[in-house]
Amino acid sequence: MHLVVFSSSSLKQRSMASPPLLPFPEGGVYLGLRHRGDTVVMNGVAGHDQAEEADSKQDGSADAEDANEQEVIVIQDTGFTVKIQAPGAEPFDLQVSPQEMVQEIHQVLMDREDTCHRTCFSLQLDGNVLDNFAELKSIEGLQEGSLLKVVEEPYTVREARIHVRHIRDLLKSLDPSDAYNGVDCNSLSFLSVFTDGDLGDTGKRKKKGNELEQIDCTPPEHILPGSKEHPLVPLQPQNKDWKPMQCLKVLTMSGWNPPPGNRKMHGDLMYLYIVTVEDRHVSITASTRGFYLNQSTTYTFNPKPANPSFLSHSLVELLSQISAAFKKNFTAQQKKRVQRHPFERIATPFQVYSWTAPQSDHAMDCVRAEDAYTSRLGYEEHIPGQTRDWNEELQTTRELSRKNLPERLLRERAIFKVHSDFAAAATRGAMAVIDGNVMAINPGEETRMQMFIWNNIFFSLGFDVRDHYRELGGDAAAHAAPTNDLNGVRAYSAVDVEGLYTLGTVVVDYRGYRVTAQSIIPGILEREQEQSVIYGSIDFGKTVASHPKYLELLEKTSRPLKVQHHAVLNEKDTAVELCSSVECKGIIGNDGRHYILDLLRTFPPDLNFLPVEGEELAPESQKLGFPRQHRHRLACLRQELIEAFVEHRYLLFMKMAALQLMQQKANKDKTAALHDTSTADAESESKPQALEASEKVPDGTPTSPTSSESTLTLDDAEAMTVSENPKSREVVLNACKAVGSISNTSFDIRFNPDIFSPGVRFPDDSTDDIQKQKQLLKDAAAFLVSCQIPSFVKDCLDHSSLPMDGATMTEALHQRGINVRYLGTVLEFVENMPAKAQIEHIYRIGISELITRCAKHIFKTYLQGVELTALSAAVSHFLNCLLSSFPDAVAHLPADELVSRRKSRKRRNRVPGGGDNTTWASLTPSELWKNINSEAQSYYHFSLQCESVDQAVEKYGLQKITLLREISLKTGVQILIKEYNFDSRHKPAFTEEDILNIFPVVKHVNPKASDAFHFFQSGQAKVQQGFLKEGCELINEALNLFNNVYGAMHVEICACLRLLARLNYIMGDHPEALSNQQKAVLMSERVLGIEHPNTIQEYMHLALYCFANGHLSTALKLLYRARYLMLVVCGEDHPEMALLDSNIGLVLHGVMEYDLSLRFLENALAINSKYHGPRSLKVALSHHLVARVYESKAEFRSALQHEKEGYTIYKNQVGEAHEKTKESSEYLKYLTQQAVALQRTMNEIYKNGSNASIMPLKFTAPSMASVLEQLNIINGIIFIPLSNLENLKAEVQRRQLMQNSGKIEEQQLELDDKLPVDD
């Protein structure tokens, strides 16, 4: 195992793009133990993150060496402090680490409030200039307390441009327009609007005694339970910081650029034109010495310095002298900028687009204008003046060494950075291609056949060019192939075999077109494809080539990817060996690397959607009406399904082998030699033990037997059995045959991806094998419908899977290996369930997903026929037909454009989106819904039977605002944020002014941080065993490593922070929990989107920690925000809403808003009864919470009624003796006493009138502690007293020992109800 010693400060990673703002715990040495051979399971997929692990499993020897040698890696330990002296500023201290480059100190200075306006300077130590790219530890004489001087350097044209760009970025730093426009990896975050800076000092706000703050708890009307209106505007609340303080009216390049020769010789670099807030128009020269005013005006050129010229090294200094408003506002703005949470401004790794935006004014912006014309190739890339060689970068980063942890971190960080840059460049290029701004490399051909090269990336359109896919489904196949290919690239990159290279691949859907962007293999453009392909086939198997080096490389991937080595016949009828599908092509580039491409059939075909003549599917499939005709013949099974299927077969194999061995043992003659019995003992023990090992893995994370220890156990068992006992050999052989293993001596299932491919022929001697493979494919298809779909529905029924919208539902299906084309089947399955009412939310989300996906398919072809001038009119018309109740939506075709169209017929531009027809305008709502119905029938085999949107809403209980969100996210449409009247029958809901933009929808590979993920998993495992402190340390370590690989912003870092916050909370560190959860919320908003279901959950967790820290009003605001978002995303009728409403009700109870509290708690009670069944423990708890509020209101009769209900449930479910039942019974007694006392008092009053002696009644507001206790219970957080924790640990260890000795069959430890597990 590797022993790693870290200092967290040494791991501060600051990518060149983002300012150094990563919030890390300072100092601190972590000891992290990295376990080899943990199976990595990410999102329920066993990912083979490290090829060396997969390899070492195969030969079994590498692993042993690893275990013996303890490799100790010490990463340079301590940070130190240097003093920095900038001109005109006080010297200040800066903490640095020896690993940092000088460049990173530059970044810090360009971000600091007092030095942010400098860009062109050098750092000097004792008069020596430091090299920007040197690491600090390599600089002689640099130590604790050294003084670094900031020295202004002369400008060059490049430096002057960088300076102007930086100043413009500072001026725009609070302006959200980049986030709305989806540029430069900016995205929105609204958390600060709700916390009002409460959490500023990580929640250590001064408490004003213990009195309740006077807070207004009434939520807006639309948030209350049962409200019918769901407004859109609150989705983006107004952030008062965004009201921009104007510093300048105009800052732009002057029309006098570039300087003429005689001025260049005076040092002029460029000219700027500026209008100040006071309306003063000035012309500025950027020269090598700095910036000064010149005497030019708009129409006369006079470059001589003005008097005074205010020569300054920085533009900010110059402007501060000529404009008082600039000076005041710029300072105020920078103060605000620095106060914002770093996570609100760091760039995200991949662009996130917002589907709504407010109306914004279009302001002049010189940098944006210049970017648009120069296509930015010169700047954004760090190497000025040349485009990046993407292929070289992508492949070189893969070749970096990965022997120890620091090397692997460096490698993964490089891979991740290049990937995110490549995805951004590919997306921009794809948009440029569709918008017609890139010249085709084959301009003579018709538009759909054109191909493009831009910025060293190759672009092709998703159409069936040259009838390549004719037999596979034409355009439909050509549209599906790129995503299949991308899945293949993902799989091969994850296996990460040294020496095997895949292309950088990004698939972009934009304006109805699908564009594939790929990096370019060196030399491929000079050669004919026929010459270059030395492995695989370019004509779907008519001619096939093979190559020993490729076979050797692909053999290494065949085990993790479950691909069988097989032979096919070529055109000369000779057998050719392959270890992939025939379409997978091998090309050796001019750089000598072995590339594989066209990986669209990495995974085997899905026979449920591939009717083959003469082949019968398994009865489970036939019963459901499979096989079904699909649009194309490229439907294949998902990798997750293959993993789950193999896992399932493995358990079957173990059970059969164990069973037969036990029978043999029983049948053995008692007089047999002792020797025999002992071997049999060894076998029967090692087999079931391996079985246990794979069964005890928690649900939803199938281990892959190929890379987990269980296989080794099995192989050992075989080694013993096969050599010593012919009978057990027979046992293994039988079990192998029964489960379809390709080997007769061990369990090994692999698939042949070429089975049923049209045009592929197999040699005669492999007929048996092919039959076996066909059977395996039928079994896998049957497994999907008979096991995976029911298990998905079961998970939804017991609420272990809680999808909230289309995206989370799709993800849940994918985790179980179910393709979305099975959506209709899933819905039918739900429809025929006896307990359908308990998963109504799943049915509803499924229906809205089905409708919006059908609409998306139709929208795609609809948009292809629209020319650019009519784009917004066409999109708004489509949305009206889809969502508006207005029966005769008419498209607006502006008349003048029709006239000009007639004239310009001759010079028709030929961009892919250049169709100038107006057929789109004739679409009607009834026709669109007819098409949606037929699409649902033909694609999903589901009959919707809705003639209009209103009928669909009525029949399935949908919300139009939810449908609008789903369709906008799927198609990339951005709409104006305002209230839309969908239900008006007199005018359409949308006009063309409401369509603001159309964004690309991008799919790409997500490189993983494998080491960090191992730490994260080990941490989670520790927590589940009750070792909270150890778990916490491991997860902190994981956070460090994640930051090191991904930078500061990433989905996985978000999960890490959430778990950390939960652990902090459980261990009693409430302020720390608050600080970590705040980061998690900000990150979720930025990386996933402001109303993503994960963000909603993060808001709920944050509200709990706010409450625990005494910020009651903030906690309520956060809960109200979460409720609003949930209403938009999925509506009120969802099991998660019960939890949210219980939280809101409890907090309101705590601040004595009893009537409001009851509205929420009674709604929660109703939802819980519906989704968990009236007799569930959740419902009992709901009854109890309602009873408590009634008690506080002194309405004892109602309180008693509810508590009795709860008591009955407890008694029936857990018995009289259970502590819950006892608690409830005690509370009933107490309520009865209170009720009797109240009644006495009332009688007294009636009898004696006003002079009655009234006993004071105890009406108590609930204590915060008791409210918090209930909040913890409903949120599934249970505190364990330390003594119990010790017992629990001992118990866990005892069980593990028993398990290891193979005795734990009858007892299963139910940890769920004892331990805090993050749900």
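With hydrogens and angles disregarded, a donor-acceptor distance shorter than 3.5 Å links the side chain of Gln773 to the backbone of Asn752. Judged purely by atom type and a 3.5 angstrom limit, Ser741 uses its side chain to pair as donor or acceptor with the backbone of Asp748.
Applying the ring-ring contact (aromatic ring centres under 6.0 Å, His included) test to every pair with at least one member in residues 760-785, sequence neighbours left out, gives these pairs: Phe645-Phe783, His648-Phe783. Listed by first and then second residue, the side chain to side chain donor-acceptor pair (under 3.5 Å) pairs involving residues 604-613 are Asp606-Arg821, Asp606-Tyr822, Asn608-Ser621, Asn608-Tyr822 (not counting sequence neighbours).
By the 4.5 Å heavy-atom criterion applied to side chains, Arg402 and Glu498 are counted as neighbours.
For Lys562 and Phe751, the positive end is not near the middle of the six-membered ring at less than 6.0 Å and at most 45° from its axis.
Checked against ring-ring contact (aromatic ring centres under 6.0 Å, His included), Phe1016 has no partners two or more places apart in sequence or in another chain. Lys737 meets the salt bridge (Lys or Arg N to Asp or Glu O under 4.0 Å) test with no other residue; sequence neighbours excluded. With sequence neighbours excluded, the residues forming a salt bridge (Lys or Arg N to Asp or Glu O under 4.0 Å) with Arg411 are Asp496, listed by chain and number. Lys623 is linked by a side chain to side chain donor-acceptor pair (under 3.5 Å) to nothing, counting only residues two or more places apart in sequence or in another chain.
Under 3.5 Å, the side chains of Ser580 and Tyr550 contain no donor-acceptor pair of N or O atoms. Judged purely by distance below 3.5 Å, without hydrogens or angles, the side chains of Glu555 and His565 pair a donor atom with an acceptor atom.
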(request) With salt bridge (charged side-chain N to carboxylate O under 4.0 Å, His left out) as the test, would you mind laying out the steps for Lys772 and Asp768 before giving the verdict? (result) CA-CA 6 Å; Lys772 223 169 158 182; Asp768 281 0; over 6 Å; no

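Proximity of the aromatic rings of Phe609 and His630 is defined here by a centroid distance below 6.0 angstrom, and this criterion is met.
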